[in-house]
Undergrad: 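One structure is given below, represented as structure tokens, and several questions about it will come after.
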Amino acid sequence: METKKIEKKWQKYWKENHTFEAKNNSTKEKYYVLVEFPYPSGAGLHVGHVRSYASLDAVARKKRMEGYNVLFPMGWDAFGLPAEEYAIKNHVHPSVAVKENIKTFKGQLESLGLSFDWSREIATTDPKYYKWTQWQFLKFYEAGLAYKAKKTINWCPNCKIGLANEEVEGGCCERCGGPIVHKEKEQWMLGMKQYAERLLDGLKDTSFQEKTKLAQINWIGKSTGAEIDFLIDDTDEKLKVYTTRPDTIFGVTFMVIAPEHPILKKLEARILNMDEIRAYQDFASHKSEMERTQLNKDKTGVKILGFYAINPVTKTKIPVYISDYVMMNYGTGAIMAVPAHDERDYEFAKKFDIPIIEVIKGGDISKEAYVGDGEMVNSSFLNGIETKQEAIAKILEYMDKEGIGHPSVKYRLQDWVFSRQRFWGEPIPMIKCENCGWVPVPYEDLPVKLPNVASYEPTENGESPLADIPEFVNCKCPKCGNDAKRETDTMPNWAGSSWYWLRYMDPHNDKEFVSMDALKYFGQVDWYNGGMEHATRHLLYARFWNNFLYDQGLVPNAEPFKLRTSHGMILGSNGEKMSKSKGNVINPNDCVNEYGADALRVYEMFIGDYEKEVNWNTNSLNGCKKFLDRVERIGAKLNSKTVYSPTLEVLINKTIKKVTEDLDNLKFNTAISSLMILLNEMEKQETITKKDYRTLLLLLNPMAPHITEELNEKYELGAKCCESKWPKYDDTKLIDETVTIAIQVNGKLRGTIEVPLDTTENKIQKLALENENVKKHTEGKEIIKVIVIKNKIVNIVVK
RNA sequence: GCGGGUAUGGCGGAACUGGCAGACGCGCUAGUCUUAGGAACUAGUUCUUCGGAGUGCAGGUUCGAUUCCUGUUACCCGCACCA
């Protein structure tokens, strides 16, 4: 039978027999394998998806054979801009395009024979799904963690959309690449910052790959320092600063506050150069994020005339500047500047001709700021202290006693901007009432559905297109019954993916977002694989969300994922990222048509180190096809015996061990190469036994599920592979009876000898010295030492 | 600037806990069979002046280093005026 028919045949069999459906009330131990669900783009499946799905499919299939009740689900992360843009152009509801795309994607995934449990398929755009996304938003709201705030946000003037920090790349919009500006806007926020420490700490309870943990730690950006109050002269007003170096307080010669700092408003009456300040504020806000970060060497700012700050330790008057190198959204939006020991402060001081006081010995402050450690000077009671830790401890003790400062911890992580001014997202289920303020949509009224309309363009003032739809906007206040208006912002793309793995556990439940029974049984995701590009954003949002649900008693574990792994990208054969414009895109469909799904799967697992990016190579795909053809052809050598061939027994046992371990350790490439080695050896035999062949097929089945089932059936070797037990190896049969021992002279290989296993060291040494070639290299030389490592190597040291 | 990673044949990559570097595959070469082959099979394939030399480079530890240590270079990724 030809490949295509075989593959269709087995795909049909699995579907009709519900072979891969996980059971919710199983007595078996569960194993939850999760791959990131795709955004169903019009372009269809990418070979990169296949790499991840095929590899984790092999894991899932093997775990099933090992006796686990495996949950391996798939769904669609289908909200997002492309569908909306398509809708704007063609005036069709985005759900229409999404439906089409899902159909294409699903067909492609099915043609690969991936063992997803399709009975649990979900889509974030399905009202039955986003009802519960909205429901969970209300939980955040009730807990005080969802709030509306006027925020200086990252605004993309091109997309007319507010972006989270996570969506800004180098000052540019991640989507359109255009520059980001700052804009004040009322936005729904989720209080993620409060969870910073938890998110940091929770990493200890996961076995994420180290690089993923580090990316998260970096992103959360914890820093330990102190908050110190500087009084403003002639007032009770305080300027609170955050610093990691309170020990340098005697070196403070000026202060800098962010241009948006509220104290400017408060002390407006005293400020003599308010015009100049306003002009600078204006200049800073119109500067794009790009300019603000990239031209970072050139410091700008304005000295505030009209008040001073008082150094709480030295009681000296200190001038205050505004400058955009201080950010309002980090720390307190104000810093104490120590130009002698901070590069940025140094540059600013040089530019504005501010004095520089050295308080730590070791550098040359006429040339640059010295940021290293050293002896404290010009610092009153700190003088003479040699280490940073000691100096910080002493000054903090002093500050605490005097009530002027205290230790403080800050995080880079910000609250999550949860509003988007877009149509194609989950409506935020809130209602604004003149009398009652913000009122949540009652639970029984969920979901707040997206309406059917003709135009999907954002409004000119940047509001969601929903704002232009009176039938959607106008409603009654659930509390007082008066006329009210619906929130027209929608949730960000990350919302639906922040809990989807939970819904898979109980996808058809219309009473609860997931039943507690299902949650308790399936617990955490055992193995979650996805792209490295999601190591910070998606993974942090998801962990935050799950930690919150845990605090609400809604899920039984704080951390959602035990293990997180990432696959490397697949690049075009020219080493560049696959893209239409470069003409190097490989379509998985074409590969399946020409080589078969099994060959594509095996190739993508064999292609190289799973975690590294790799160039596509169609020749190599063909090589994998040839391997499968050889597996098929060797069936002709079958004899009727049901034990292992003695000549193959050790190798088969070794191969079982290797494949078993490799599939658990992301080493898909060497798992396959070990099967190739086994096949090579089988081809050298006159005949092979049924047991030899069946073991090969069972081991290969997770990678190449169709052809192995077919051959297993054809030669009547036993139960269906997918319904059989994973082969076990015999520890006592892993070692060959003879070993080859290398003989070195002065560390250089001069010969090898074959000896029975566990030959004594004396005997080996004797044999080694008798070796002809070895003699040649030892003749006339003094043998100083002979090192014999049993079963391995001999090294003869001569002079 | 900070944090992390990588470096092995023509190519993708193997190598357990320090013990025969280059497994496995691609490509290439020669041959067999064929009307033909971009099929299949067989043999070979790190370089070499045939002494040796070889895992980015320079050292070190060791009987022995791709593996451990010190220094260094290149490239890749993440974060970045974060106080």
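Chain letters run A, B, ... following the sequence lines, proteins first and then strands; every chain starts at 1.
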Undergrad: What is the distance, rounded to the nearest whole Å, between atom CD of A:Glu210 and atom P of B:U6?
TA: 13 Å
Undergrad: Parallel, tilted or perpendicular: which fits the ring planes of A:Phe254 and A:Phe348, with parallel below 30° and perpendicular above 60°?
TA: parallel
Undergrad: Assess the side chains of A:Thr300 and A:Tyr321: does a donor N or O sit below 3.5 Å from an acceptor N or O?
TA: no
Undergrad: State which residue, out of A:Lys211, A:Arg543, A:Arg564, fulfils the side chain to side chain donor-acceptor pair (under 3.5 Å) condition with A:Gln216.
TA: A:Arg543
Undergrad: Output the single nucleotide from B:C63, B:C24, B:C79 whose closest atom is nearest the side chain of A:Asn218.
TA: B:C79
Undergrad: Choosing from B:C20, B:U6, B:C24, which nucleotide comes nearest the side chain of A:Leu749?
TA: B:C20
Undergrad: B:A83, OP1 or OP2 - any side-chain N/O from A:Arg245 closer than 4.0 Å?
TA: no
Undergrad: How many whole angstroms separate atom CD1 of A:Ile741 from atom C1' of B:C20?
TA: 11 Å
Undergrad: Taking the side chain of A:Ile677 as heavy atoms from C-beta outward, which of B:U6, B:G3, B:C24 is closest to it?
TA: B:C24
Undergrad: Give the nucleotide from the list B:G25, B:C79, B:G52 with an atom nearest to the side chain of A:Met676.
TA: B:G25
Undergrad: Can you check the A:Lys625 NZ to B:C24 C1' distance for me, whole Å?
TA: 20 Å
Undergrad: Let's see if you can work this out: which of B:A83, B:G13, B:C63 has an atom nearest to the side-chain heavy atoms of A:Asp609?
TA: B:G13
Undergrad: Using a 4.0 Å heavy-atom cut-off across all strands, classify A:Lys667 as base, sugar-phosphate, or nothing.
TA: sugar-phosphate
Undergrad: Any idea which of B:G19, B:G13, B:A53 is nearest the A:Lys792 side chain?
TA: B:G19
Undergrad: Using atom CG of A:Asn574 as one end and atom P of B:C11 as the other, report the distance to the nearest whole Å.
TA: 17 Å
Undergrad: Of the options B:C79, B:U6, B:A15, whose atoms approach the side-chain atoms of A:Trp219 most closely?
TA: B:C79
Undergrad: Please determine, for the side chain of A:Thr243, which listed nucleotide (B:G19, B:C63, B:A83) has the closest atom?
TA: B:A83
Undergrad: Establish, from distance only, whether the side-chain atoms of A:His534 and A:Glu36 form a donor-acceptor pair under 3.5 Å.
TA: yes
Undergrad: If only side-chain N and O atoms of A:Asn669 are considered, is one of them under 4.0 Å from the OP1 or OP2 phosphate oxygen of B:A14?
TA: yes
Undergrad: B:G64 phosphate, OP1 or OP2: any side-chain N/O from A:Lys748 under 4.0 angstrom?
TA: no
Undergrad: Without decimals, in angstroms, what is the distance between A:Leu628 CG and B:A40 P?
TA: 13 Å
Undergrad: When the nearest nucleotide of RNA chain B is assigned to A:His777 and to A:Ile789 on a heavy-atom basis, which residue is associated with the more 5' position?
TA: A:Ile789
Undergrad: Would you mind telling me which of A:Thr332, A:Leu264, A:Val326 makes a side chain to side chain contact (heavy atoms under 4.5 Å, CB included) with A:Ile257?
TA: A:Leu264
Undergrad: Between A:Lys626 and A:Thr244, which has a closest nucleotide on RNA chain B that is more 5'?
TA: A:Lys626
Undergrad: Taking the six-membered ring of A:Tyr411, is the NZ or CZ of A:Lys222 close enough (under 6.0 Å from the centre) and on axis enough (within 45°)?
TA: no
Undergrad: Rounding to an integer number of angstrom, what distance separates B:G44 and B:A23 when you compare their P atoms?
TA: 12 Å
Undergrad: Confirm from the modelled atom types if A:Lys299 and B:C81 form a donor-acceptor pair under 3.5 Å, side chain to base only.
TA: yes
Undergrad: Do any side-chain nitrogens or oxygens of A:Arg633 fall under 4.0 Å of OP1 or OP2 in B:C41?
TA: yes
Undergrad: To the nearest angstrom, how far is A:Phe606 atom CZ from B:A14 atom P?
TA: 10 Å
Undergrad: To the nearest angstrom, how far is A:Asn771 atom CG from B:C20 atom P?
TA: 17 Å
Undergrad: Nearest to the side chain of A:Gln744, which nucleotide is it out of B:U6, B:G19, B:A83?
TA: B:G19
Undergrad: Looking only at the side chain of A:Thr752 (C-beta and beyond, no hydrogens), which of the listed nucleotides B:G19, B:C81, B:C20 gets closest?
TA: B:C20
Undergrad: Both distances below 3.5 Å, Watson-Crick or wobble geometry, any strand: find the nucleotide opposite B:G78.
TA: B:C2
Undergrad: So that I can tick it off, tell me whether A:Lys410 and A:Glu227 are bridged by a salt bridge, with the cut-off set at under 4.0 angstrom between side-chain N and carboxylate O.
TA: yes
Undergrad: Is there a side-chain contact between A:Lys785 and the phosphate of B:C63, meaning an N or O under 4.0 Å from OP1 or OP2?
TA: yes
Undergrad: Looking at the base of B:C63, is there any donor atom on it, or on the side chain of A:Asn795, that sits under 3.5 Å from an acceptor on the other one?
TA: yes
Undergrad: Could you check how far CG of A:Leu679 sits from P of B:A40, rounded to whole Å?
TA: 14 Å
Undergrad: When the C1' atoms of B:A21 and B:G64 are compared, how many Å lie between them, rounded to an integer?
TA: 14 Å
Undergrad: Please report the distance separating the P of B:C2 from the corresponding atom of B:U67, rounded so that it comes out in whole Å.
TA: 26 Å
Undergrad: Quick one: is A:Tyr325 getting a side-chain N or O under 4.0 Å of the B:A83 phosphate, OP1 or OP2?
TA: no
